[in-house]
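Down below is the structure, laid out as structure tokens.
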Amino acid sequence: MSTQVEQLEAAVKSAIERAVSAGSFDAAVPETIVLERPKNRDHGDYATSVALQLAKPAGKNPREVAQIICDQLMGTDGISKVDIAGPGFINITLNRADQAALVSTIMKAKADYGKVNALAGVSINLEFISANPTGPLHLGHTRWAAVGDSLGRVLTAAGAQVVREFYINDRGNQMDLFGASVEAAALGKPIPEDGYQGGYIADLAAQVIASDPGITSLPEGERHPAFREAAYAVQLKDQQRVLETFGTHFDVWFSERSLHDQGAVEHGLDKLRSQGHVFEEEGAIWLRTTDFGDDKDRVLTKSDGSLTYFSSDTAYYINKRERGFDICIYMLGADHHGYVGRLKAIAACAGDDPEYNIHVLIGQLVKIMEGGEEVKLSKRAGTIITLEELVEKVGVDAARYTLIRYPVDTPMVMDIDVLKRNTNENPVYYVQYAHARIAAVLRNASELNISVDLKDFDSSQLIHDRENQLLGALAEFPRVVQTAAELRQPHRIARYLEELAGTYHGFYADCRVLPMGEENSSPLHTARLLLCASTKQVIKNGLDLLGVSAPERM
RNA sequence: GUCCCCGUAGCUCAGUGGAUAGAGCAACCGCCUCCUAAGCGGUAGGUCGCAGGUUCAACUCCCGCCGGGGACACCA
């Protein structure tokens, strides 16, 4: 089923085609017509600047072109008025009753309203967080936990096949240090100097001992790996538990070790060799990433024969592609932006198109304020804020919503004190409140036995400005989902919901939904109720994309 | 030195080349004897860091500068 905007776009396009074939002007018909919702209500329901774009190739002045298009557009089904404004904008006003048909569309589609097929048939691997299993998830991971999860939902809504993946860096030096730290804590010895100092190490030690009391009396050679493995298992499980309570689900937990066990590194190396970008120098094996814009070549195998972290990255990428993913999305912190070039180079070296097959999102840091002051985060000083602590302080909904609400490339400041408040300084409540408010109206309607049945819906009732505005906002939802998916920007969903909630509140203030006092119910009441129900559905659908709850009561 | 991100209202921030640059908070003024006031309406608040360029049109794209943050290992 095509949306209102798609129909309108087709209409404008065909108007241009008719004008061209009638010889009114000569220009190539644009692939897509940009239709925007004007900020100013006097400029109609939709506006387009095609005439301005076509003026030059057509060799006419823009208003003339606009006039020709308007003439062709006049009389199109559903369009009630077409105006030319300013330098040559075409302002289109739709027939109000026709727009109200959207209510049936939404009520029938329910949870499916907003799904689009922009990414249909595309298989996407979405990797995010990928923390070391050597400590609790902290604030930096939390931004990704919220945004990554939401992006997964948005991409799915846009038709993509999405696998959410967490890469476990369970190999190498850090793991040994981690194991040694927990072991030292368990034995009451001082933590190694370059080891992990956080308070959680003692807790881990206690848990490890509790589940395996004999571990401390193992001979040293066995004790060391035993501690490492036990602590790893406990810590990973903890990360998984915390993420589930946060509503972030992963389809695949991919262990770096398993990559090596499968021989994926050698396999990756072979593949890269066959593409001709591997060379040997000073006893090490290198990948010539500078062939593709990286600032220096990267070592795969060190001169002592051991593998670099980079070799895991290459193997992992190749592994993902061989598992059938078209697009690999990586969500990295700002401190890793230097990886972008080499990741893209990996793709290029593997014979892929780095502009299509790899997409790297760089997230800026989150600052946190509490009690009017910035909380300095420092592992050493023990002032790290974990995901779990944040949720304890402000709740899952507020934490998720706030983190998703901003584009990831802006550094953001979270004010804990504001998020703790149940006021609309906290935008999540503004949106949730609209949902709860509608739920209340619908409950009251059901007590009054007023029909909310679509077969009693009379679209010609909805002609009030506020109703029209609300319908316009509802019609935007699929476009917003599509843009959010294409640009990988879930914050657009949140911003849209705030606008929709605002439009609803305005409608609610000016348009009485239920009968007053002894008044009998009329078709207008039913029509407005259905408009409310549609709005509730869209808010719910949007909040679902954010992983934020849509309460029936507040 | 090279690279990335940011600079928009008092504060926190939106704005994928379009018309008079927006929202929330903070300030001020109004609105509950009937559907949730966690709401609505209004007033005030701006040289979109600075200077060039491209364009019919620039907060948006390009170049240079200024200011803030971050990154540049045969580390993981």
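Numbers restart at 1 for each chain; the letters A, B, ... are given by sequence-line order, proteins then strands.
Taking A:Asn520 as the reference, nothing meets the side-chain contact (heavy atoms from CB on, under 4.5 Å) condition, with sequence neighbours excluded. Taking A:Lys296 as the reference, nothing meets the salt bridge (Lys or Arg N to Asp or Glu O under 4.0 Å) condition, with sequence neighbours excluded. Residues that satisfy the side-chain hydrogen bond (donor to acceptor under 3.5 Å, both in side chains) test with A:His359, not counting sequence neighbours, are A:Arg488. Residues that satisfy the side-chain hydrogen bond (donor to acceptor under 3.5 Å, both in side chains) test with A:Asp510, not counting sequence neighbours, are A:Arg466. With sequence neighbours excluded, the residues forming a salt bridge (Lys or Arg N to Asp or Glu O under 4.0 Å) with A:Asp294 are A:Arg298, listed by chain and number. The side-chain hydrogen bond (donor to acceptor under 3.5 Å, both in side chains) test applied to A:Asp26 returns no partner, not counting sequence neighbours. Annotation: side-chain hydrogen bond (donor to acceptor under 3.5 Å, both in side chains) contacts of A:Gln235 (sequence neighbours excluded): none.
Of the residues in residues 279-292 of chain A, those lying under 4.0 Å from RNA chain B by heavy-atom distance are A:Glu282, A:Ala284, A:Trp286.
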Pairs under 3.5 angstrom, nitrogen or oxygen only, protein versus nucleotides 56-62 of chain B, please.
unit_1 : atom_1 : unit_2  : atom_2 : d
B:C56  : OP1    : A:Lys56 : NZ     : 2.3

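Residue pairs satisfying the salt bridge (charged side-chain N to carboxylate O under 4.0 Å, His left out) criterion with at least one member in residues 331-343 of chain A, sequence neighbours excluded, are absent. Applying the side-chain hydrogen bond (donor to acceptor under 3.5 Å, both in side chains) rule to pairs touching residues 395-405 of chain A yields A:Asp149-A:Arg400, A:Thr248-A:Arg400, A:Asp397-A:Gln432, A:Asp397-A:Ser549, A:Tyr401-A:Glu498, A:Arg405-A:Glu498, sequence neighbours excluded.
One finds a side-chain N or O of A:Arg466 lying less than 4.0 angstrom from the OP1 or OP2 phosphate oxygen of B:G41. An OP1 or OP2 oxygen of B:G17 is reached within less than 4.0 angstrom by no side-chain nitrogen or oxygen of A:Ser49.
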Report task. Using a 3.5 Å limit on both pairing distances, list the dot-bracket string of RNA chain B from the 5' end; Watson-Crick and G-U wobble pairs count, crossing pairs take [ ], interstrand pairs take |. Result -> (((((((..((((....[...)))).(((((.......))))).....((.((..]....)).)))))))))....
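Distance from the side chain of A:Ala85 is smallest to B:A19 among B:C74, B:A71, B:A19.
Of the N and O atoms on the side chains of A:Ser451 and A:Asp453, not one donor lies less than 3.5 Å from an acceptor on the other residue.
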